[in-house]
Amino acid sequence: MHNAPPTLSTLLASDTIAARVEELGREISNDYEGSDLLLIGALRGAYVFLADLARAIETPVTIDFVGAKSYVGTESSGAPELTRELLAPARGKDVLLVEDILDTGRTADMLLNYIREFDPASVDMVTLLDKPSRRLPEYPFEPRYSGFTIDDQFVVGYGLDYEERYRNLRDIAILQLPDDQAPQ
Ligand code: IMP
Ligand code: MG
């Protein structure tokens, strides 16, 4: 018997995302005018957002990536792992961690602490999506910039994956697994 495919329903269309990313870019350009801004994208989910956001920022920036892995299927695995180290010198820079989605807060907490070890002048975070209802009490932080607040639903597209698929969708869609494949 074949498994039924997951269903996708559009939550945020590409033009809605593009307009919001432009706004974030303008806000960041104003706030960081004259500073030495380093954008650090969290791989792999943030690669699409970072590419668009960096081009919406008009002040000079440098760019690097860190790697983090926390999800297995649609369930957070608990302890996030650092899978790629920072290569750019971050000391003395104004750092913005660029995340695709802020969920329990574990990954961002791990990455922000890791980045702080490099003695940057400041560290803040921009996330495209925020699911505040999922935040664990241990990680109560608010991102300095957030694109969209969403409900507790599993989403894919615009960089976000389910088992490494769907990252290339232009829209962000809610992914629903057939009942027999839902996580137990
Ligand atoms: P946290 O550590 O629980 O905050 O999880 C953050 C990471 O989990 C994100 O960087 C994503 O990679 C992944 N994640 C959380 N929610 C979703 C989702 O709805 N779709 C796809 N990935 C997600
Ligand atoms: Mg991610």
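This chain uses plain numbering: 1 for the first residue, then up along the sequence.
Residues meeting the side-chain hydrogen bond (donor to acceptor under 3.5 Å, both in side chains) test with Glu85, sequence neighbours left out: Tyr114. In this structure Arg165 satisfies the side-chain hydrogen bond (donor to acceptor under 3.5 Å, both in side chains) test with no other residue, sequence neighbours excluded. With sequence neighbours excluded, the residues forming a side-chain contact (heavy atoms from CB on, under 4.5 Å) with Thr62 are Leu38, Lys93, listed by chain and number. Thr7 pairs by the side-chain contact (heavy atoms from CB on, under 4.5 Å) definition with Gln176, not counting sequence neighbours. In this structure, the salt bridge (charged side-chain N to carboxylate O under 4.0 Å, His left out) partners of Glu164, at least two apart in sequence or on a different chain, are Arg44, Arg167. Under the side-chain hydrogen bond (donor to acceptor under 3.5 Å, both in side chains) criterion, Arg20 pairs with Glu23, sequence neighbours left out. Residues passing the side-chain hydrogen bond (donor to acceptor under 3.5 Å, both in side chains) test with Asn113 are Arg116, sequence neighbours excluded. With sequence neighbours excluded, no residue satisfies salt bridge (charged side-chain N to carboxylate O under 4.0 Å, His left out) with Asp94.
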Would you list the atom pairs, donor with acceptor, under 3.5 Å between side chains in residues 148-155 and any protein atom, with sequence neighbours excluded?
none

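For Arg106 (side chain) and Pro80 (main-chain N/O), no donor-acceptor pair under 3.5 Å exists by modelled atom type.
Partner of Val95 under the side-chain contact (heavy atoms from CB on, under 4.5 Å) criterion, out of Ile40, Leu39, Leu86: Ile40 alone.
Here the CG atom belonging to Leu128 is positioned 6.5 Å from the CD1 atom belonging to Ile17, to the nearest 0.5 angstrom. The distance from the OG1 atom of Thr104 to the CG atom of Leu136 is 5.0 Å, given to the nearest 0.5 Å. Residue Asp109 holds its CG atom at 5.5 Å from OH of Tyr139, rounded to the nearest 0.5 Å. With values rounded to the nearest 0.5 angstrom, Leu50 atom CG is found 5.0 Å from Ile63 atom CD1. Separating the CG atom in Leu43 from the NZ atom in Lys69 is a distance of 12.0 Å, to the nearest 0.5 Å. Rounding to the nearest 0.5 Å places CG of Leu169 at 11.0 Å from CG of Asp161.
Taking every heavy atom of both residues into account, Ser29 and Gly25 meet most closely at OG-O, 2.6 Å. When all heavy atoms are compared, the tightest approach of Phe49 to Thr127 is CE2-C, 4.0 Å. The shortest non-hydrogen separation linking Pro178 to Ala4 is CG-O, 3.2 Å. Nearest heavy atom pair, residue Tyr166 against residue Pro6, reads OH-CG, 3.5 Å. Nearest heavy-atom pair, Ser146 versus Pro143, reported as atom, atom and distance to 0.1 Å: CB-CG, 4.0 Å. Minimum heavy-atom separation, Asp100 to Gly45: OD2-CA, 3.1 Å.
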| request: Carefully, step by step, assess Arg84 and Asp64 under the rule salt bridge (Lys or Arg N to Asp or Glu O under 4.0 Å). | output: CA-CA 11 Å; Arg84 183 194 186 273; Asp64 199 3; 3.3 Å; yes
| Would Val48 and Leu160 count as a side-chain contact (heavy atoms from CB on, under 4.5 Å) if you check the C-alpha gap in whole Å, the side-chain angles of each, and the deciding distance to 0.1 Å? | CA-CA 9 Å; Val48 179; Leu160 291 135; over 6 Å; no
| Chi angles and distances behind the side-chain contact (heavy atoms from CB on, under 4.5 Å) call for Leu12, Leu129 | CA-CA 11 Å; Leu12 297 163; Leu129 303 175; 3.7 Å; yes
| query | How far apart are the C-alpha atoms of Asp171 and Leu8, what are their side-chain angles, what is the distance that settles it, and do they pass the side-chain contact (heavy atoms from CB on, under 4.5 Å) test? | reply | CA-CA 10 Å; Asp171 299 334; Leu8 295 173; over 6 Å; no
| said: Working note: Leu82 + Leu111, criterion side-chain contact (heavy atoms from CB on, under 4.5 Å); need CA distance, chi angles, decisive distance, verdict. | reply: CA-CA 8 Å; Leu82 189 75; Leu111 290 175; 3.8 Å; yes
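Within the structure, salt bridge (Lys or Arg N to Asp or Glu O under 4.0 Å) pairs that include any residue of residues 121-130 comprise Asp124-Arg144, Asp130-Arg135 (at least two apart or interchain). Residues in residues 52-61 take part in these side-chain hydrogen bond (donor to acceptor under 3.5 Å, both in side chains) pairs, two or more places apart or across chains: Asp52-Arg55, Asp52-Tyr158. Residue pairs meeting the ring pair (Phe, Tyr, Trp, His ring centres under 6.0 Å) criterion with at least one partner in residues 11-33, sequence neighbours excluded, are absent.
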